Novice: 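Before we start, here is the structure in question, set down as structure tokens.
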Amino acid sequence: MSWLEDQVILLTGGGSGLGLALVERFIAEGAKVGILELSVEKAAALVHCFGKDVCVIQGNVVSFADNERAVTETVRCFGKLDCFVGNAGIWDHKINLLDASAEQIDKGFDELMAVNLKGYILGAKAALPALTASEGSMIFTLSGSSWFSGGGGVLYTASKHGAVGMIRQLAYELAPVIRVNGVAPCGMPSDLRGPAALSQQDQSVIDSLPPEIIGTILPLQFTPQPEDFTGPYVMLASRANNRTLTGVMITADAGLSIRGIRQVTAGVMPPNKKRNSDDC
């Protein structure tokens, strides 16, 4: 059974990692897929791999014009839009307030928030008319960092917490016509990069978080691959399987939220200082 038969989905950041896995799964489930992709090379590869099942638009999620063009081209190619998936993002390689300079925080914030949060809002705004016409849905990629600390640095964690509030607000504003939900995957091997403002544009997530390490910190004790996270997106996009969920955020973290991540990086008590007797 194909859950997304005859549906049209627009996805941002579909050239690699989770985005690419979603494109493959959506097509396998019977959908046609529009893709807004920043990389010229990845955009060309998507056309080569998927042909007429995709409509690929090379552009930047931080540009409303590019988001609007992606919606227009997707509707032109496939006749409608049923679901918008905000997925493009960047990671901060766990940059922390103690070690980062004020300039890094300043510039890194602007770039990372523009992609991870502003890009979602601009994409939602651009897709709004087409989704209103189809009474469709929106899905946004969150993270374990949407709930707890330690999965990213101060910038990334702030952006993903912000996305939670955005989903709740949009679910409230757009009901009853458009359903708005999120999926929060844990770490996975991917080509997720960092901000150029932090000189991290050539660093992928696996440079800082090797796949073998990911598996050891998860209660289910395996390293998930991008395709392991696609099921919740399919369910949320499916008209037959999701008429009642909006404002819902599915945590797909291999059990990580059972215990979270604990890594002491600051605030360690100096050896010459004793804890007061009333400290607990």
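All values derive from a computational prediction rather than experimental measurement.
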Novice: Among L36, V62, N60, I57, which residue satisfies the side chain to side chain contact (heavy atoms under 4.5 Å, CB included) criterion with N67?
Specialist: L36

Novice: Where is the tightest heavy-atom contact between P219 and G255, given as atom of each residue plus distance?
Specialist: CG-O, 3.1 Å

Novice: Which atom names give the shortest non-hydrogen contact between F84 and A127, and what distance separates them?
Specialist: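 Nearest pair, atom of F84 first, then A127: CB-CB, 3.9 Å.
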
Novice: Without swapping roles, check the side chain of H161 against the backbone of T157 for a donor-acceptor pair under 3.5 Å.
Specialist: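 Yes, because the side chain of H161 sits within donor-acceptor range (under 3.5 Å) of the backbone of T157.
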
Novice: Would the distance check show the side chain of Q221 and the main-chain N or O of L218 forming a donor-acceptor pair, the cut-off being under 3.5 Å?
Specialist: yes

Novice: Just do the side-chain contact (heavy atoms from CB on, under 4.5 Å) check on T223 and M188 with the steps written out, would you?
Specialist: CA-CA 7 Å; T223 301; M188 71 189 88; over 6 Å; no

Novice: Would you find a donor on one side and an acceptor on the other, under 3.5 Å apart, between the side chain of D53 and the backbone of I27?
Specialist: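 No, the answer is negative, given that no donor and acceptor are paired below the 3.5 Å cut-off.
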
Novice: Measure from the side-chain N and O atoms of Q58 to the backbone N and O of L38, and report whether any donor-acceptor pair falls under 3.5 Å.
Specialist: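 It does hold such a pair.
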
Novice: To check you understand the geometry: which heavy-atom pair defines the closest contact between Q7 and R239, and what is its length?
Specialist: NE2-N, 3.4 Å

Novice: Say you draw a straight line from CD of Q104 to CG of L155; how long is it, rounded to the nearest 0.5 Å?
Specialist: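 Between Q104 CD and L155 CG, I get 9.5 Å after rounding to 0.5 Å.
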
Novice: Which residues pass the side chain to side chain donor-acceptor pair (under 3.5 Å) test with D253, not counting sequence neighbours?
Specialist: S257

Novice: Quick one: side chain to side chain donor-acceptor pair (under 3.5 Å) partners of K42, sequence neighbours excluded?
Specialist: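 K42: side chain to side chain donor-acceptor pair (under 3.5 Å) contacts with S16, D191.
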
Novice: Is it the case that the side chain of D6 and the backbone of A31 share a donor-acceptor pair, with hydrogens and angles ignored and the cut-off at 3.5 Å?
Specialist: no

Novice: Assess whether side chain to side chain donor-acceptor pair (under 3.5 Å) is satisfied between T246 and R179, documenting all intermediate values.
Specialist: CA-CA 5 Å; T246 194; R179 292 168 287 109; over 6 Å; no

Novice: A side-chain contact here means heavy atoms from C-beta on lying under 4.5 Å apart; do I167 and L142 qualify?
Specialist: yes

Novice: Are any side-chain N or O atoms of E37 and backbone N or O atoms of G15, one a donor and one an acceptor, separated by less than 3.5 Å?
Specialist: yes

Novice: Mark yes or no for whether N87, through its side chain, and G13, through its backbone, hold a donor-acceptor pair below 3.5 Å.
Specialist: yes

Novice: Are C55 and I35 side-chain neighbours, meaning at least one heavy-atom pair lies under 4.5 Å?
Specialist: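 Of all side-chain heavy-atom pairs linking I35 with C55, none is under 4.5 Å.
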
Novice: Do E103 and S101 meet the criterion of a side-chain donor-acceptor pair at a distance under 3.5 Å?
Specialist: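 Not at all, the side chains of E103 and S101 share no donor-acceptor pair under 3.5 Å.
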
Novice: Measure the shortest side-chain to side-chain distance between T141 and F229 over non-hydrogen atoms and say whether it is less than 4.5 angstrom.
Specialist: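 A side-chain contact under 4.5 Å is absent here.
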
Novice: Are the side chains of R168 and V164 in touch, meaning some heavy atoms are under 4.5 Å apart?
Specialist: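 Yes, close enough: below the 4.5 Å cut-off.
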
Novice: Is S2 reaching over with its side chain to a backbone N or O of E5, donor-acceptor style, under 3.5 angstrom?
Specialist: no

Novice: What I'd like to find out is whether the side chain of E111 reaches to under 4.5 Å of the side chain of I90, using heavy atoms alone.
Specialist: yes

Novice: In this structure, would Y172 and F140 fall into the same cluster of hydrophobic residues linked by side-chain contacts under 4.5 Å?
Specialist: no

Novice: Nearest heavy-atom pair of V47 and V54: which atoms, and what distance?
Specialist: CA-CG2, 4.5 Å

Novice: Checking the side chain of S137 only, and the main-chain atoms of V180 only, is there a donor and an acceptor separated by less than 3.5 Å?
Specialist: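 Side chain of S137 to backbone of V180: no pair is present.
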
Novice: When you measure from the side chain of E29 to the backbone N and O of W3, does any donor-acceptor pair fall under 3.5 Å?
Specialist: yes

Novice: Using the salt bridge (Lys or Arg N to Asp or Glu O under 4.0 Å) rule, take D110 and K107 through it: C-alpha gap first, then chi angles, then the decisive distance, then the call.
Specialist: CA-CA 5 Å; D110 289 345; K107 294 182 178 180; over 6 Å; no

Novice: Is the shortest heavy-atom distance from the side chain of D228 to the side chain of F222 under 4.5 Å?
Specialist: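 Yes, close enough: below the 4.5 Å cut-off.
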
Novice: Run the numbers on K94 and D92 for salt bridge (Lys or Arg N to Asp or Glu O under 4.0 Å), then give the verdict.
Specialist: CA-CA 5 Å; K94 296 191 176 184; D92 65 1; over 6 Å; no

Novice: Looking only at non-hydrogen atoms, find the nearest pair between V85 and C83 and report the distance.
Specialist: CG2-SG, 3.9 Å

